[in-house]
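Working notes, structure below.
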Amino acid sequence: MLYRLRNNFPRQARVLNIYGNLGNGSNSDGVVTTASALSLGYVLRDHVSFYQTFQAFGPKAQHSELHNNNLAVNKILTEFLWAKNYKDNSASELDQ
C-alpha cells in the first residue's frame, strides 16, 4: 500500500529517517522495530532527492526519548537541517 502511495510524496524532498535500537536484543526502540523503520528506505530511496538513515543506539534510543535532549540525534538533525555534507542528487556532473 505505501509503495503505491509514494508517488504522492514530493520528489524534491530530502528525508532523514531517525530510528532507535535499544541494544537489548529486541532490534527496536521499544515500539517500532528497526526492520519496520528501515522499510521507509524501500519505499522512498529512489523516489526522493536525498535519503539518509540514522540509528540511535542504547537506552536513549527508546521511542519517546529519541527527541528528548538526545545529543546524537540533535547533532545529526542539526547537520541535516543546515545541509552539512548535503549533496543534491539532482546535480549534473557538469555542475560539480
Side-chain angles (χ1 to χ4, degrees):
M1 175 75 164
L2 287 178
Y3 191 80
R4 285 184 288 165
L5 293 174
R6 76 185 187 138
N7 291 324
N8 297 334
F9 203 87
R11 286 194 165 276
Q12 70 275 18
R14 296 174 56 228
V15 176
L16 174 61
N17 182 4
I18 299 173
Y19 63 99
N21 185 341
L22 294 171
N24 63 2
S26 69
N27 287 318
S28 76
D29 64 8
V31 176
V32 179
T33 65
T34 56
S36 182
L38 291 172
S39 68
L40 181 62
Y42 171 75
V43 174
L44 293 179
R45 187 172 318 256
D46 295 327
H47 187 75
V48 294
S49 69
F50 181 82
Y51 181 86
Q52 179 181 349
T53 60
F54 177 78
Q55 176 182 256
F57 192 85
K60 292 197 119 221
Q62 196 275 335
H63 188 76
S64 61
E65 290 296 315
L66 283 171
H67 68 281
N68 287 333
N69 200 28
N70 185 315
L71 295 179
V73 171
N74 289 351
K75 180 179 185 295
I76 194 72
L77 189 55
T78 299
E79 289 173 357
F80 179 77
L81 290 173
W82 293 104
K84 184 176 180 182
N85 300 320
Y86 169 67
K87 178 179 180 275
D88 184 352
N89 289 344
S90 66
S92 72
E93 288 181 84
L94 297 175
D95 295 335
Q96 297 176 15

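Note that the coordinates shown come from a computational prediction; the quantities given were computed from them, not determined experimentally.
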Which residues pass the side chain to side chain contact (heavy atoms under 4.5 Å, CB included) test with [X], not counting sequence neighbours?
{"X": "L5", "result": "M1, N8"}
{"X": "P10", "result": "Q12, A13"}
{"X": "V73", "result": "I18, F54, A56, L66, N70"}

Side chain R6, main chain D46, donor-acceptor under 3.5 Å: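 It does not hold such a pair.
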For Y42, all residues meeting ring pair (Phe, Tyr, Trp, His ring centres under 6.0 Å), sequence neighbours excluded: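 With sequence neighbours excluded, Y42 shows a ring pair (Phe, Tyr, Trp, His ring centres under 6.0 Å) to Y3, given in chain and number order.
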Is the shortest heavy-atom distance from the side chain of [X] to the side chain of [Y] under 4.5 Å?
{"X": "L16", "Y": "L77", "value": "yes"}
{"X": "Q55", "Y": "T34", "value": "yes"}
{"X": "H47", "Y": "N7", "value": "yes"}
{"X": "L44", "Y": "F9", "value": "yes"}

Atom pair NZ (K75) and CZ (F80), whose distance is rounded to the nearest 0.5 Å: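 These two atoms lie 14.5 Å from each other.
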Straight-line distance of N69 CG to K60 NZ, nearest 0.5 Å: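 Taking CG in N69 and NZ in K60, the distance rounds to 5.5 Å.
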Nearest heavy atoms of L40 and Y51, plus distance in Å: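 Looks like C-OH, 3.7 Å.
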Taking every non-hydrogen atom, the tightest pair across I76 and Q52: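 So the minimum-distance heavy-atom pair works out to CD1-NE2, 3.6 Å.
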Residues Q62 and S64: side-chain donor-acceptor under 3.5 angstrom: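 Checked: Q62/S64 side chains pair up, N/O donor to acceptor below 3.5 Å.
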Transitive ILVMFWY cluster of V31, excluding itself - 4.5 Å side-chain cut-off: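 In the cluster with V31 are V32.
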Other cluster members, Y19 - Ile/Leu/Val/Met/Phe/Trp/Tyr, side-chain contacts below 4.5 Å: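 Y19 shares its hydrophobic cluster with L38.
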Verdict with reasoning, T33 to N27, per side-chain contact (heavy atoms from CB on, under 4.5 Å): CA-CA 6 Å; T33 65; N27 287 318; 5.9 Å; no
